[in-house]
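FYI, side chains are in, hydrogens and waters are out, and symmetry mates aren't considered; it's all heavy atoms of this structure. Bear in mind that the values here come from a model prediction, so they are computed numbers and not experimental data. Just follow the structure's listing: the first ligand is 1, and inside any ligand the first atom is 1.
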Amino acid sequence: MGRGLHNGSGSKRRNALDGLLGGSILGAALSVRTAHAATPLDYLTAFGTRADGILPLTYGTLAISCLVMLLIAGLLGWALLRGRGAARMEDPRALAVARSGDGLPWIYIGVGVSTVVLFGAAAWTMVVLSTVARPAVKPKLTIEITARQWWWGVRYLSPDHERTFTTANEIHIPVGEPVAFKLASADVIHSFWVPALGGKTDVIPGQTNTTWLQARVPGTYRGQCSEYCGQQHAHMGFVVVAQARQDFDDWYRRQLEPAPPPTGDLVEAQATFAGKCGLCHAVRGTLIGGRLGPDLSHLKSRATLAAGTLPNNPGYRGAWIADPQHIKPGAKMPRLDISGPELARVQTYLDTLD
Ligand code: CUA
């Protein structure tokens, strides 16, 4: 292998250099720029106080890494060109080990520079970590997140039990205020991540981790589980909706409202829903209180289904209920033995949960 490299042709060497210089650095820079415009999980733009604190560190370490890459590539290229003219060694085993301290200064310089840069980056990281560890003011709102394969339970906590409620996969927060999160897992290790608002926090079974987020700009921010947690890890998304305090209060009040008592055809529709879905799902204000799946109170107010996998509209709701395993293989929601008329009645009932 080493022989092959040494005897490599000039064009091979050029390809290697192209790969180092063009492929890695330029390519990375370009992909960063396009990713910036195209992806909702872009972490190079911050819209929240916690992310604001981390962003300079991200760019700083990125710049340091690029500089080191350039430096190494440059030195490597220089060494390759310099070595070209050297006389071919008769016997490689006769390499003099103790030559006049020719290259030693380079080693001292390299070790010195690396040590300073690495310690500097480590110190900077620790300072940033401690500054973003907690918000400037104590959060008034605490949300308990329960990560499960493969969705997010969201519980709004309040000292007043009447003001506590549960929802799923969509977190609303008031803009400009810090919000505390308690993170628990019901099964395996997950990771809670809203890149535009802050860094990742692991969600670990058997312990409660905490984090906080504060949105600076109103908007809908994509969140994603960022710790591989099984087959549908990639389909374990959520959204954070940051809205003005008044809009948030209105949304909160609406979420607290129980489902209206069914009348007319809805009585049968609710009974079908209770029979087919009630073992796993809950609807506030009814006797339907399953705890295995997402709480479906006010389901229609949410933007997505199946943890950010599908848009939430009647067509996708029907497709999801009819065969969730086709859309999200391995998901805990089984394919139900449900007839066409039963599915229609379940749909009719879900349509009232707005
Ligand atoms: Cu949950 Cu990955």
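For atom 1 (Cu) of ligand 1, the N/O/S atoms of Gln149 include none lying under 2.8 Å. Here His190 fails the criterion, with no N, O or S atom under 2.8 Å of atom 2 (Cu) of ligand 1. His233 lies apart from atom 1 (Cu) of ligand 1 in this respect, since none of its N, O or S atoms is found at a distance under 2.8 Å.
Side chain to side chain, Asp187 and His190 meet the donor-acceptor criterion of an N or O pair below 3.5 Å. Defined by atom type and a distance below 3.5 Å, a donor-acceptor pair is missing between the side-chain atoms of His233 and Gln231.
Draw a line from atom 2 (Cu) of ligand 1 to SG of Cys229 and another to O of Glu227, and the angle between them is 110° (to 10°). For the pair SG of Cys225 and SD of Met236, the angle whose vertex sits at atom 1 (Cu) of ligand 1 is 110° to 10 degrees.
Between atom CD1 of residue Ile171 and atom CH2 of residue Trp152 there is a gap of 8.0 Å, rounded to the nearest 0.5 Å. Taken from OG1 in Thr142 to CH2 in Trp212, the straight-line distance is 13.5 Å, to the nearest 0.5 Å.
When each of Thr146, Asp202, Val203 is tested with Leu183 by the rule side-chain contact (heavy atoms from CB on, under 4.5 Å), just one qualifies, namely Val203.
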